[in-house]
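Below: the structure, in structure tokens.
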Amino acid sequence: MSVRVRFAPSPTGFLHVGNVRTALFNWFFARKNRGSLVVRIEDTDAERSERRYEDQLLEDLRWLGIEWDEGVDKGGDVGPYRHTERFPLYRDRVEQLLGEGRAYHCFCSQEQLEADRKKQLAEGQSIRYVGRCRDLDPKEARDCLDEGRPASVRLRVRPGSVSFQDLVFGLIEVDTDNVGDFILLRSDGSAQYNLACVVDDSMMGITHVIRGEGHISNTPRQILIFEGLGLQVPEFAHLSTILGPDGAKLSKRHGATSLAEFRQLGYLPEAVVNYLALLGWAPPEDGNEILSPEKIVSAFDLKSVNVSPATFDLKKFNWVNRSHLKECPLPRLLTLAEPFLEKAGLVGTDPTLDLQGWTE
């Protein structure tokens, strides 16, 4: 079976360090195994998704040197590659689950759900759906739909547990009683994230899902959907969180965190690739940490990815960048430096800064 992985960002902002590392690890894994990388856009957040962010993230990936085989800009045999263009496919799968009794319509209002949530919090219970509509009489449900009452669709979660062997974190097991019947389709007909992921991963033939640690809580829900639809479950590998120097999750208050910011600051793309590869992955044992993308691909193995959180160290990042700058050919270095010199007002005012003459 050929390896197929995917990078599926949401176009709601600029690519940050965590997302870039996820993209890189998917790319490393695909190329090491002579597989395929799919780039799809998960734009289910209609309020925050913008096409300008989509365009920027694709440009950022190209700047890094990441090449993908299928995606929103390239097309492919299993498109379209945007969530919002695939809604009919999600609804078809939900109809399958409804027809088999594996899902049901829920007519609970937001006010009811919020009241249930507050009660569970007050009683120290886990937050999950109470099952009010789970055993609703089919005729009553049909009457409610005929009346035009808003209805979401929930998965009828089976009793027991869900377990999976994470390729980084090892065995993870969750009691389904702590999951509860979750929403597949919202009352407006749009697909919930977990449903869209499962349908897309299945139809796109994804064999390995490599993503951030924050998605571990989504995995049991997605496995339950895979099971309900009778689909092959892919392998999962979750990457540990990236922390700031103070031990807190990396954020704006630690300084630049988006790829766009590092580009503006003048970091080399190969230095970004090199340093982010070291965040959570153990390089070869020869001790050399200055690696080209080709050497990283050759050495990359998910078995060498660490469970412990990685710390973003700006001093080490700068050292990696300086090391790559030393190896950068002068013509390229001058081309990269020219925008910064122009911004400083130096180009064209000082005869010693004749960049064209230097490159010759």
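What you see is a predicted model; the values in this text were computed from it and never measured.
Environment of CD in Gln165: crowded, with over 12 heavy atoms of neighbouring residues, nucleotides or ligands closer than 6.0 Å. Within a 6.0 Å sphere centred on NZ of Lys74, heavy atoms belonging to other residues, nucleotides or ligands number more than 12. Dense packing is recorded around CG of Asp137, with more than 12 heavy atoms of other residues, nucleotides or ligands lying under 6.0 Å away. Around atom NZ of Lys295, no more than 12 heavy atoms belonging to other residues, nucleotides or ligands sit under 6.0 Å away.
Note on Val198 and Val78: same hydrophobic cluster, where clusters join Ile, Leu, Val, Met, Phe, Trp and Tyr whose side-chain heavy atoms are under 4.5 Å apart, directly or indirectly. Tracing side-chain contacts under 4.5 Å through hydrophobic residues (I, L, V, M, F, W, Y), one never reaches Tyr129 starting from Leu195; they form parts of separate clusters. Hydrophobic clustering of Ile, Leu, Val, Met, Phe, Trp and Tyr side chains at less than 4.5 Å, counting indirect connections, unites Leu239 with Val297. Clustering ILVMFWY residues whenever any of their side-chain heavy atoms sit less than 4.5 angstrom apart, transitively, puts Ile225 in a cluster other than the one holding Ile183. In this structure, Leu167 is a member of the same hydrophobic cluster as Phe169, with clusters built from ILVMFWY side-chain heavy atoms closer than 4.5 Å.
For the pair Asp313 (side chain) and Pro245 (backbone), a donor-acceptor distance under 3.5 Å is absent. The backbone N or O of Ala191 lies less than 3.5 Å from a partner atom in the side chain of Arg186, making a donor-acceptor pair.
For the pair Phe300 and Phe25, the minimum side-chain heavy-atom distance is below 4.5 Å. Phe7 has its side chain out of reach of Trp68: every pair of non-hydrogen atoms, C-beta onward, lies at least 4.5 Å apart. For the pair Tyr81 and Val38, the minimum side-chain heavy-atom distance is below 4.5 Å. Residues Leu97 and Leu155 have side chains in contact (heavy-atom distance under 4.5 Å, counting atoms from C-beta outward). Using a 4.5 Å heavy-atom threshold, the side chains of Asp60 and Arg263 count as touching. Side-chain contact between Phe262 and Val17 is present, with heavy atoms from C-beta onward closer than 4.5 Å. For the pair Phe107/Ser187, no side-chain contact is recorded, criterion being any heavy-atom separation below 4.5 Å from C-beta on. Side-chain atoms of Phe236 and His208, non-hydrogen and from C-beta on, never get closer than 4.5 Å to each other.
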Next item on the list: Apply salt bridge (charged side-chain N to carboxylate O under 4.0 Å, His left out) to Arg4 and Asp69, showing your working.
Entry: CA-CA 10 Å; Arg4 284 176 63 83; Asp69 304 283; over 6 Å; no
Next item on the list: Go through Lys316 and Glu289 one step at a time and tell me if the salt bridge (charged side-chain N to carboxylate O under 4.0 Å, His left out) criterion holds.
Entry: CA-CA 11 Å; Lys316 185 168 184 178; Glu289 292 187 311; 3.0 Å; yes
Check: Asp200 and His83: side-chain contact (heavy atoms from CB on, under 4.5 Å), yes or no, with the steps?
Finding: CA-CA 8 Å; Asp200 290 350; His83 269 353; 2.7 Å; yes
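Side chains of Ser258 and Glu261: a donor on one and an acceptor on the other come within 3.5 Å. A donor-acceptor contact closer than 3.5 angstrom is absent between the side chains of Ser161 and Asp175. Judged by distance alone, the side chains of Glu213 and Ser240 never bring a donor and an acceptor atom under 3.5 Å apart. Side chain to side chain, Arg149 and Ser109 fail the donor-acceptor criterion of an N or O pair below 3.5 Å.
Ring centers of Tyr53 and Phe14: under 6.0 Å apart, within the cut-off.
With respect to Arg102 and Glu100, a salt bridge is recorded, a charged nitrogen being found less than 4.0 Å from a carboxylate O. A salt bridge is absent between Glu85 and Arg40; no separation between the charged side-chain nitrogens and carboxylate oxygens falls under 4.0 Å. Comment: Arg52 does not engage Glu54 in a salt bridge, judged by the lack of any side-chain N to carboxylate O separation of less than 4.0 angstrom. For the pair Lys118 and Glu111, the salt-bridge criterion is not met [side-chain N within less than 4.0 Å of a carboxylate O]. Of the charged side-chain nitrogens involved, none lies within less than 4.0 Å of a carboxylate oxygen, so that Arg51 and Asp55 do not count as a salt-bridged pair. The pair Glu42-Arg82 does not count as a salt bridge, with every side-chain nitrogen at least 4.0 angstrom from each carboxylate oxygen. Ion pairing between a basic and an acidic side chain is recognised when a charged N comes within 4.0 Å of a carboxylate O; Asp181 and Arg132 show no such pairing. Using a cut-off of 4.0 Å between Lys/Arg side-chain N and Asp/Glu carboxylate O, Glu147 and Arg142 are scored as not salt-bridged.
Looking at every heavy atom in both residues, Val3 comes nearest to Thr207 through CA-OG1, 3.5 Å. Between Phe340 and Gln264, the closest heavy-atom pair is CE2-O, 3.1 Å. Closest approach of Thr311 and Gly244 over heavy atoms only: CG2-O, 3.7 Å. Listed here is the closest heavy atom pair of Ala271 and Phe317: O-CE1, 4.0 Å.
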